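For reference, the structure is listed below as structure tokens.
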Amino acid sequence: MKPSKFINLMISLSDTPHKPPKPDSLDRKNSLKHYLPRTWIIICVIFLQIFLLLLARNLHTSSVVSHHPEPPAIAAVNATVHSGDRECPYGKIYVYELPAYFNTELLENCHELNPWGSRCDTYSNNGLGRPAKQLAGVVPESLTGAWFWTDQFASEIIYHNRMLNYRCRTTDGEAATAYYIPLYAGLAVGKYLWTDNYTAEDRDRHCEMMLKWVHDQPYWNKSDGWDHFVTMGRITWDFRRTKKEDWGSGCIYLPGMRNITRLLIERNSWDYFDVGVPYPTGFHPSSVSDVATWQEFVRTRTRDTLFCFAGATRGLIKNDFRGLLLNQCYNASGSCRVVDCGGSKCSNGTSVILESFLGSDFCLQPRGDSFTRRSIFDCMIAGSIPVFFWNRTAYSQYEWFLPGQPESYSVFIDKKEVLNGISIKEVLEKFGKDEVRKMREKVIEYIPRIVYAKPHEGIEGMKDAFDVAIEGVLNRIKDQEQEGFKW
């Protein structure tokens with residue numbers, strides 16, 4: 001019987017009139033015998049009505065939580081019956097056990113990943129790289145162990161290690177909400193990009209073989225791949241080759257790849273399945289205390305320069321925009337700190353870039369070789385306010401990780417205005433001290449969301465970039481279950 005019909009039946013029973021017997025026809029004993037059964041019936045009916053009302057309310061609350069997830073503290077209160085639901089309100093993830101050829105074997109052969117030299121040190125310490133001992137004296141002494149020379153293309157390794165230890169990982173594929181494919185697509189293609197000794201087939205091989213393997217798994221057909229996701233540790237354009245002679249891999253365009261969500265350090269803003277995630281930086285905290293200590297350090301830092309720019313010119317490009325920024329910086333009469341990254345001056349192993357960001361109110365962030373650059377996150381972690389010239393450098397890339405109001409944490413100067421001669425120094429000087437303080441505070445507030453924690457289990461009590469990314473993917477998968485969503 002449906003609950004609504006059962007409730008109506010209970011109401012009708014409770015409203016049914018009962019004609020009492022005449023008092024003079026009963027003694028006191030017989031009167032109690034007559035009234036007690038009816039009294040208990042009424043009490044039971046009232047109790048059942050209250051119970052069903054509370055049950056209906058709880059069912060409604062659970063429905064609201066599943067469609068519009070609340071912050072974890074609230075979700076935990078609403079999921080007191082099942083501890084698994086409380087701990088994993090967004091669902092659980094099954095990690096495929098791909099053959100080692102697709103991931104760990106690439107790391108074991110790290111000396112082959114780059115035609116110019118070994119990458120073994122670069123991807124040591126589970127992808128974090130070598131400890132950044134050269135930063136001693138630049139960062140607080142208690143945090144020197146939290147800094148590494150992390151490569152910007154290390155996200156596949158970092159995400160894989162975190163997924164294997166994720167609190168909401170399940171080994172039961174039938175119980176999973178999402179399925180993670182631990183393919184090191186960026187490392188696999190990287191070794192084939194720089195010489196003409198390899199073919200398009202070489203650059204596509206790992207991705208093609210992965211798709212064949214995954215499509216043979218029983219969980220693929222649950223949703224034709226809509227609930228699958230992968231980390232690809234390079235920019236999206238490195239996987240979008242359309243002609244055999246062109247740059248990169250054709251992985252994203254291969255049959256069977258279309259419905260898989262892809263976590264990339266730079267996304268194609270017009271592709272729903274691309275999700276932009278922060279570039280890995282050198283700061284990998286181990287505790288909430290580490291983050292709080294760093295936040296206070298950058299908050300109270302003395303900044304004696306208005307703005308800075310770290311970058312190199314692109315000599316072969318006509319009207320090179322970076323060259324214009326360098327010229328403005330050199331001509332800013334002590335208001336700008338320049339870090340000319342020509343050659344290998346800015347490679348991992350130097351503290352000069354971090355020191356520049358720590359000493360400046362603003363940091364100029366033009367597009368890199370593509371629309372984005374790791375420097376965005378290096379700058380923000382140092383508490384410096386980013387200045388953008390293209391919307392696609394950050395605003396349409398990292399929506400899950402950055403504030404929704406761009407003006408609250410950054411400055412935008414259209415590139416065309418710079419090309420027409422506008423003075424960046426004069427634009428930035430118009431911001432008062434209070435405005436600068438508020439923007440910096442917003443940058444500092446969001447530092448936890450753009451760093452990757454050191455422990456494989458993450459940090460209890462804090463969501464880092466990995467947590468934000470994974471919960472975002474799980475929410476997307478739930479949204480996809482709405483009628484008419486998939487195409």
Side-chain angles (χ1 to χ4, degrees), residues 151-153 193-194 234-238 247-248 265-267 269 276 278-282 303 305-382 384-398 402 406 409-429 443:
D151 187 71
Q152 64 177 343
F153 299 131
L193 292 177
W194 307 105
R234 303 181 68 93
I235 62 174
T236 188
W237 318 107
D238 288 343
W247 169 271
I265 51 177
E266 177 175 321
R267 65 182 290 254
S269 300
Y279 281 76
T281 67
R303 299 174 189 267
T305 306
L306 178 63
F307 65 108
C308 66
F309 175 59
T313 59
R314 296 293 184 266
L316 299 178
I317 300 176
K318 186 178 180 181
N319 296 324
D320 174 37
F321 193 80
R322 293 188 184 195
L324 293 176
L325 296 186
L326 281 171
N327 287 336
Q328 287 219 24
C329 220
Y330 281 124
N331 295 328
S333 302
S335 295
C336 182
R337 183 179 298 194
V338 179
V339 182
D340 189 338
C341 293
S344 59
K345 298 175 185 176
C346 295
S347 59
N348 279 341
T350 177
S351 64
V352 64
I353 295 179
L354 178 59
E355 290 180 275
S356 177
F357 292 149
L358 287 170
S360 305
D361 283 328
F362 300 92
C363 56
L364 306 186
Q365 295 298 332
R367 55 176 291 171
D369 294 323
S370 58
F371 285 101
T372 64
R373 62 200 302 245
R374 166 179 156 161
S375 180
I376 298 167
F377 300 100
D378 291 331
C379 153
M380 294 182 67
I381 285 173
S384 193
I385 300 163
V387 180
F388 298 120
F389 306 91
W390 280 264
N391 279 303
R392 290 175 67 183
T393 300
Y395 301 147
S396 61
Q397 288 287 342
Y398 310 108
L402 300 178
Y409 75 97
S410 67
V411 175
F412 182 77
I413 304 174
D414 194 289
K415 62 185 182 298
K416 295 178 182 177
E417 294 181 340
V418 177
L419 293 171
N420 290 331
I422 192 173
S423 169
I424 295 173
K425 175 185 174 184
E426 291 179 4
V427 172
L428 299 180
E429 284 178 332
V443 169

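Computed from heavy atoms alone, side chains included, the values below leave out hydrogens, waters and symmetry copies. Just so we're clear, the structure is a prediction, and the values are computed from it rather than from any experiment.
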Could you measure the distance from the [atom1] atom of [X] to the [atom2] atom of [Y]? Nearest 0.5 Å is fine.
X    : Y    : atom1 : atom2 : result
N331 : N327 : CG    : CG    : 6.5 Å
T281 : Q152 : OG1   : CD    : 12.0 Å
D238 : I265 : CG    : CD1   : 8.0 Å
C308 : I353 : SG    : CD1   : 10.0 Å
F389 : L324 : CZ    : CG    : 10.0 Å
R322 : L326 : CZ    : CG    : 9.0 Å

Check whether any side-chain heavy atom of [X] sits under 4.5 Å from a side-chain heavy atom of [Y], and report yes or no.
X    : Y    : result
L325 : P366 : yes
I413 : V387 : yes
Q328 : V418 : yes
F388 : I376 : yes

Open item on the list: For W390 together with F412, are the ring centres under 6.0 Å from each other?
Closed with: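 Not under 6.0 Å, so no.
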
Task: Whether Y279 and F377 hold their rings parallel, tilted or perpendicular, with breakpoints at 30° and 60° - done: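 Judged by the thresholds at 30° and 60°, the geometry between Y279 and F377 is tilted.
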
Backbone of [Y] reached by a side-chain donor or acceptor of [X] within 3.5 Å:
X    : Y    : result
S410 : P406 : yes
T305 : F307 : no
R392 : S269 : no
E266 : S370 : no
R303 : S360 : yes

- [ ] For side chain to side chain contact (heavy atoms under 4.5 Å, CB included), just list the numbers for L193 and W247, CA-CA rounded to whole Å, side-chain angles, deciding distance to a tenth of an Å, and then say yes or no.
- [x] CA-CA 7 Å; L193 292 177; W247 169 271; 3.6 Å; yes

- [ ] Show your working on side chain to side chain contact (heavy atoms under 4.5 Å, CB included) between L402 and Q397 and close with a plain yes or no.
- [x] CA-CA 9 Å; L402 300 178; Q397 288 287 342; over 6 Å; no

Listed pairs under 3.5 Å, donor-acceptor, residues 419-426 side chains, sequence neighbours left out:
residue: N420; atom: ND2; partner: K416; partner atom: O; Å: 3.1
residue: S423; atom: OG; partner: E426; partner atom: N; Å: 3.2

Open item on the list: Checking T236 now: which residues fulfil side chain to side chain donor-acceptor pair (under 3.5 Å) with it, not counting sequence neighbours?
Closed with: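 Once residues adjacent in sequence are excluded, the partners of T236 under the side chain to side chain donor-acceptor pair (under 3.5 Å) criterion are R240, D274.
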
TODO: Tell me, please, which residues at least two apart from R337 pass side chain to side chain donor-acceptor pair (under 3.5 Å).
DONE: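 Here the qualifying residues are D304.
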
TODO: Measure SG to SG for C379 and C363 and state whether it is below 2.5 Å.
DONE: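 Taking the criterion (SG atoms under 2.5 Å apart), C363 and C379 satisfy it, so yes.
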
TODO: Please report the C-alpha distance between Y409 and I385 in whole Å, then the side-chain angles of each, then the deciding distance to 0.1 Å, and finally whether the side chain to side chain contact (heavy atoms under 4.5 Å, CB included) criterion is met.
DONE: CA-CA 7 Å; Y409 75 97; I385 300 163; over 6 Å; no

TODO: Run the numbers on D340 and F309 for side chain to side chain contact (heavy atoms under 4.5 Å, CB included), then give the verdict.
DONE: CA-CA 8 Å; D340 189 338; F309 175 59; over 6 Å; no

Task: Exercise: identify the closest heavy-atom pair between A382 and L358 - done: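 So the two residues come closest at O-CD2, 3.6 Å.
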
Task: Side-chain H-bond candidate by donor/acceptor type, Q365 with T393, under 3.5 Å - done: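 No - no donor-acceptor pair under 3.5 Å links their side chains.
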
